[in-house]
Structures are given as structure tokens and as C-alpha cells.
Amino acid sequence: MPEATVQSATVPPPVCDTDPFSLEVLAEPHALHAELRAAGPVVYLPRYDVHVLARYEEVRAALTDWQHFESSGGVGPVNFHHEKSWRPPSPLVETDPPGHDAPRRVLGGILAPPALRRLRARWQVAAEALVDQVLYAGPEFDAFTELAEAFPLRVFPDAVGIGREGREKLLPFGDIGFNLFGPANELTEAGAHLIPELSAWVNAQCAREALTEGGFGAQIWEAADRGDLTYAQAPLVVRSMLSAGVDTTVHALGACLYAFATHPEQWQRLRRRPELVRVAFDEAVRWQSPVQTFFRTATTDVTIAGTRIPEDTKILMFLGSANRDPARWSDPDRFDLSRDPSGHVGFGMGIHQCIGQHVARLEAEALLTALVDRVEHFELAGPPRRHLNNTLRAWASLPVRVRPSGRGTSPVR
Ligand code: OVM
């Protein structure tokens, strides 16, 4: 083929044989990320037949180019053009314009900052009550289970408007969903037997009759009444909130609490300047990247930095690696409230950027504010434990010891 000038103009990418979804790498991913960033702008992973992007510039470019890197082929390694998904595709995360536009507009309005204002005071009271309750029991506790898990579970399901029964299924359901944005492995295997029961329960919560008036869920059905959504889309949009809205926030709060337990000087800075809570949350999301990866599918042959990515093949984007790329961030491994974390891709970027981020920010603001008022000093009281997930940088336990400030209503002084 002497005339293959277009082909010969492209460079073969470096190859990586490491499995980024092995338990060892999931437990400690940063060395592989550094290796992938150093190897080149595009790296090929023969194990999964995907091209991977681990540098900030390329990850950001791919996230904002939905025309070439589509989501309707699935945002995990499974290519929906050839294989069925484990559930009907999400009308938000597993779709592209124009089908994506209406669900995005509707849910985006319901979860926009002005619409959330009525929740702020109630969530602040709930956070204060929870922190008081935890501190009352003593200065040592598990900040992951007792705060990071407990707080979203106290406020978010009520805001959506689901029933009280069965809420303990939300976290395992989300865990399974996020494992299924990665490859079939021991993690997906371990959850497989729970899928029928958990899915049936979640799907039942998405029905109009199951949702209380005024909640996010009921508002989605009202949008269908107005013709802004189809009646077929409404329960799937409710399902998106229940799939993507709990574990993500829980592990982002876990990231915040881990950050402060290991950086007491940053906690003092936040106590001096509590208006930094929102910066603190974004910096924790950048630093830990609770959502580590997403895939896209190439809509056509695309060339990135001279490497050809064939049409209809998968691209794996490392958000967590982009968020620690030294080419974009100075001293990226440092958790530092004096940096401006804006531009991080922990919530994604572009048309699919996290639609629930304002809800998460409000939850974080309520919890951190309650803690700032009540906790003078924060430290680890034992080794923190990770929970391994194919997509989430997650926690199982975060033992802490605190010195209460004597404010709030805690009797522990
Ligand atoms: C969805 C969705 C979106 C993001 C994450 C996710 C299971 C689900 O729209 O259903 O995790």
C-alpha cells in the first residue's frame, strides 16, 4: 500500500499492559496515572481494546467534543451499538443531542441553584442535628459511615420524594451501577446477584404514585404533563437521580472529611474563613476525584495528537489523572485551599457535566459548616479503609478523633 499517506501520517500510540481496573490499581491508582500521562497524549490498552487519555488537556478536549466522542454508545466499556446494556439506557448520561437536550433541560432546571434555595435552611438544620448527635456519642467516630453516608441519606431521598421503605438499597444500587461503568471483573461479579431485587425496587420508586408532592421526582412527572419530556422518559430521569445522586455525594463528602483529617492546618484555615467551604469541596473533588473514569465512543475516525482512534471504538478518560496532571496544576497531589480548583474535571465538562453538582455542593456546605462551628480539631484515629469500585474512588471507613469547640449543642466540651 504505497499510497497510504493518510495512514502513515498517524503515529502508533504507546501500549500499556497494566489493567487499570485490577484491585491493586483501584486501591492505589496514582502511579499508573503518572505512567500513562508520561507515556503520551494517547495510550492504547490492548486488554480492553481502548485508547486512553490521562492528561488534562486531552481529557478536557474529549469531554467537550461530544460530536466526536459520543455517549449514546455507552459510557462504560460495553459498546451499545453491538451489545445490550444491563438496563434501558439513561436519557441523560447515555445519550447525545438532540435526544439528550430535553431531559437535560428539565432536570437541569429542577436541580439549578435557584430551585434549591428552599432546601438550604432545612439542610443546614439537618446537618447540625446530625453532627450534634454524632458528637454527643463521643469524640471518636467513623466520619465516613456516620457523616459522609448518613447525611445524604437523611436529606436527599426526602428531596427526591421517595418512600421511607428500602432506602438502604440506594447505596448498593449506586455501587453496582458505577461498577458497571467499568469492565466485567470480580467487582461486577460480586454485585450481579443483587441486580434484580435492587433494580426492581429502584424502578418502583420512579413511578409517579411512589413520589411525594413537591419533590424532585414529582417535578419531573409534571414536566412530562407539560410536554417537556415524554412519559416514557420521566421514570428514567428519576432513576438517574437515584443512580447518580447518592454514592457520588457520599464519596465526595468522604473525600472532604479525609482531606481535613489528614490536613489539620487546612481545617484551621477553613475555620478562620468558613466562606471557603465551596472551594474546599471543589478542591476535595479535584484531589480525590470520586468519579475516576468514563468512556466515550468515537463517532468517526478521530486523530488525537497524531494517533488515529478508529470509528466505533471506545475511549477511556481518566478524570482523576487529569485532575492531578502537573502540566495543569502546580503541586497537584497537595490538598490546598489556597489554590483555585475551578476547571477540574471531577464533575466532567461540557454537555454532560454533572447535573447534580449544585445539590452536592449544598449538602457539602451544610455538613462542613455544621462541623466548622462544632469541631476545633480533626485527626485520623485509625487507618482509613477504601471501598473498591470500578469507577468510584470510594471509602469504607474513616475513623477520626475530634476536639469539639464547645459551640453547637454538644455536651462534649
Ligand atoms: C444515570 C446515571 C448518570 C450518572 C451516573 C450513574 C450509576 C447513572 O443517568 O442513570 O451511575
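For ligands, and for the atoms within them, numbers begin at 1 and follow the listed sequence. FYI, side chains are in, hydrogens and waters are out, and symmetry mates aren't considered; it's all heavy atoms of this structure. Remember, it's a predicted structure, so these values are computed and weren't measured experimentally. For this chain, numbers begin at 1 and follow the sequence in order.
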Exercise for the section: With sequence neighbours left out, write down each residue that passes side chain to side chain contact (heavy atoms under 4.5 Å, CB included) with Pro274, or none if nothing qualifies. Expected result: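 Pro274 satisfies side chain to side chain contact (heavy atoms under 4.5 Å, CB included) with Val372 only.
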Exercise for the section: Run the salt-bridge test on Arg167 and Asp158 with the 4.0 Å N-O cut-off and return the result as yes or no. Expected result: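 Counted as a salt bridge, because a side-chain N and a carboxylate O are separated by less than 4.0 Å.
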Which atom pairs, nitrogen or oxygen on both sides, join ligand 1 and the protein at under 3.5 angstrom?
unit_1	atom_1	unit_2	atom_2	d
ligand 1	9 (O)	Ser90	OG	2.5
ligand 1	9 (O)	Ser240	OG	2.5
ligand 1	10 (O)	Arg87	NH2	2.8
ligand 1	10 (O)	Ser240	OG	3.3

Practice task
Would you please classify the geometry between the Phe378 ring and the Trp267 ring as parallel, tilted or perpendicular, with 30° and 60° separating the classes?
Solution key: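 Perpendicular: the ring planes of Trp267 and Phe378 meet at over 60°.
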Handout entry: Residue pairs involving residues 75-98 (criterion salt bridge (Lys or Arg N to Asp or Glu O under 4.0 Å); sequence neighbours excluded)
Key =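 Sorted result for residues 75-98: empty, none.
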Handout entry: Ring-face cation of Arg386 near Trp395 (centre distance under 6.0 Å, axis angle within 45°)
Key =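 Yes, cation above the ring, under 6.0 Å and within 45°.
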Handout entry: Partners passing ring-ring contact (aromatic ring centres under 6.0 Å, His included) against Phe347 (at least two apart in sequence or in another chain)
Key =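 Counting only residues at least two positions away or on another chain, Phe347 forms a ring-ring contact (aromatic ring centres under 6.0 Å, His included) with His344.
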